[in-house]
**Q** 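Take a look at this one; I'll ask things after.
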Amino acid sequence: LIFLVGIAYFLWSIIVPMLTPTEEYTVPTLVGKQLEEVQADLESLAPFTISDDITVDYNSDAPAGEIIDQDPAAGSQVKSGSLEITLTVSGGADTFLLENYVNRRFRDVELLLTSRGILVEREDVYDDAVTEGFIVSQDVEAGTALQAGDTVTFQVSRGPEPIPVTVPSLTGQTLED
């Protein structure tokens with residue numbers, strides 16, 4: 001008897017949920033909207049909720065705060081129980097403030113800036129005060145906000161300008177002359 005009750009309970013717990021209709025919901029479109037607007041009007045998203053795990057992606061194509069991706073995708077059908085939407089929001093263009101790089105090794109500065117997407121140009125100049133390979137000047141003022149694709153030109157020292165020395169011809173002369 002206990003065996004039959006166990007089998008009945010097992011079948012009931014498996015079959016009944018399969019026969020019970022579950023509601024399906026269409027995921028709303030959030031891409032292109034500002035995150036603040038969506039968070040201010042969460043009631044309109046019901047029964048959906050927004051995940052606390054929001055990813056920020058620096059993106060020069062979308063203004064800061066704009067939703068650029070969502071999971072699940074807009075228009076897809078989801079069953080009750082999986083009604084949380086995860087968002088990716090634009091952080092705007094990835095900008096940073098340019099430092100004063102005068103008297104720093106050009107190669108080090110070039111590697112740093114190109115890793116941030118900055119285009120670096122070089123002009124070699126003679127300079128008595130700055131060591132060869134180090135930056136003499138920069139065309140963009142320190143403190144300027146830059147983003148990927150901007151260009152900075154540096155004047156880089158070639159060291160002191162060589163002074164030409166005229167060596168007289170000693171051909172045909174002896175050591176004593």
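Given the structure is predicted, the values throughout are model-derived calculations rather than measurements. Along the sequence shown, residues carry numbers from 1.
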**Q** Sequence neighbours left out, cut at 3.5 Å: what donor-acceptor pairs do the side chains of residues 159-169 make with other protein atoms?
**A**
from   : atom 1 : to     : atom 2 : distance (Å)
Ser169 : OG     : Thr171 : OG1    : 3.4

**Q** Would you say the side chain of Val152 lies within less than 4.5 Å of the side chain of Leu119, judging by non-hydrogen atoms?
**A** no
**Q** How far does CD1 of Ile85 sit from OG1 of Thr49, to the nearest 0.5 angstrom?
**A** 7.5 Å
**Q** Got more than 12 heavy atoms from elsewhere within 6.0 Å of OH, Tyr58?
**A** no
**Q** Go through the steps to decide whether Ile50 and Leu42 satisfy the test side chain to side chain contact (heavy atoms under 4.5 Å, CB included), and finish with yes or no.
**A** CA-CA 8 Å; Ile50 301 297; Leu42 291 176; 3.8 Å; yes
**Q** According to side-chain contact (heavy atoms from CB on, under 4.5 Å), who are the partners of Asp124, at least two apart in sequence or on a separate chain?
**A** Arg122, Val156, Arg158
**Q** Check the pair Val89 / Asp57 against side chain to side chain contact (heavy atoms under 4.5 Å, CB included), numbers first and verdict last.
**A** CA-CA 6 Å; Val89 177; Asp57 183 18; over 6 Å; no
**Q** Indicate whether any N or O donor in one side chain lies under 3.5 Å from an N or O acceptor in the other, for Gln155 and Ser137.
**A** yes
**Q** Take Thr153 and Glu123 through the side chain to side chain contact (heavy atoms under 4.5 Å, CB included) test and state the conclusion after the steps.
**A** CA-CA 7 Å; Thr153 302; Glu123 295 175 4; 3.7 Å; yes
**Q** How long is the span from the OG1 atom in Thr151 to the CG atom in Leu146, to the nearest 0.5 Å?
**A** 9.5 Å
**Q** When you measure from the side chain of Gln138 to the backbone N and O of Val140, does any donor-acceptor pair fall under 3.5 Å?
**A** yes
**Q** Can you tell me how far apart CD1 (Ile135) and OH (Tyr101) are? Round to the nearest 0.5 Å.
**A** 8.5 Å
**Q** Measure across Glu66 and Ala62 and return the closest heavy-atom pair with its distance rounded to 0.1 Å.
**A** OE2-CB, 4.0 Å
**Q** So, is the end of the Arg104 side chain (NZ or CZ) under 6.0 Å from the ring centre of Phe134 and within 45° of the ring's axis?
**A** no
**Q** Taking side-chain contact (heavy atoms from CB on, under 4.5 Å) as the test, write out the residues that go with Thr26, two or more places apart.
**A** Gln77
**Q** Do Ile118 and Phe96 come close enough that some side-chain heavy atom pair is under 4.5 Å?
**A** yes
**Q** Just distance, no hydrogens or angles: give the donor-acceptor pairs under 3.5 Å from side chains in residues 27-41, sequence neighbours left out.
**A**
from  : atom 1 : to    : atom 2 : distance (Å)
Lys33 : NZ     : Thr29 : O      : 3.4
Asp41 : OD2    : Ser44 : OG     : 3.1

**Q** Apply the test side chain to side chain contact (heavy atoms under 4.5 Å, CB included) to residues Phe48 and Glu84: give CA-CA distance (whole Å), side-chain angles for both, the deciding distance (0.1 Å), then the verdict.
**A** CA-CA 6 Å; Phe48 292 94; Glu84 185 173 73; over 6 Å; no
**Q** Specify the closest pair of heavy atoms between Thr86 and Ser51, including all atoms of both residues, with the distance to one decimal.
**A** OG1-CB, 3.8 Å
**Q** Are Val78 and Leu83 close enough that some pair of their side-chain heavy atoms sits under 4.5 Å apart?
**A** yes
**Q** Tell me the salt bridge (Lys or Arg N to Asp or Glu O under 4.0 Å) pairs involving residues 133-151, sequence neighbours left out?
**A** none
**Q** Distance check, rounded to the nearest 0.5 Å: Ile67 atom CD1 versus Ser90 atom OG?
**A** 11.0 Å
**Q** State, with a plain yes or no, whether a side-chain heavy atom of Thr55 is found less than 4.5 Å away from one of Leu87.
**A** no
**Q** Among all residues two or more places apart in sequence or in another chain, which pass the side-chain contact (heavy atoms from CB on, under 4.5 Å) test with Thr114?
**A** Glu110, Val120
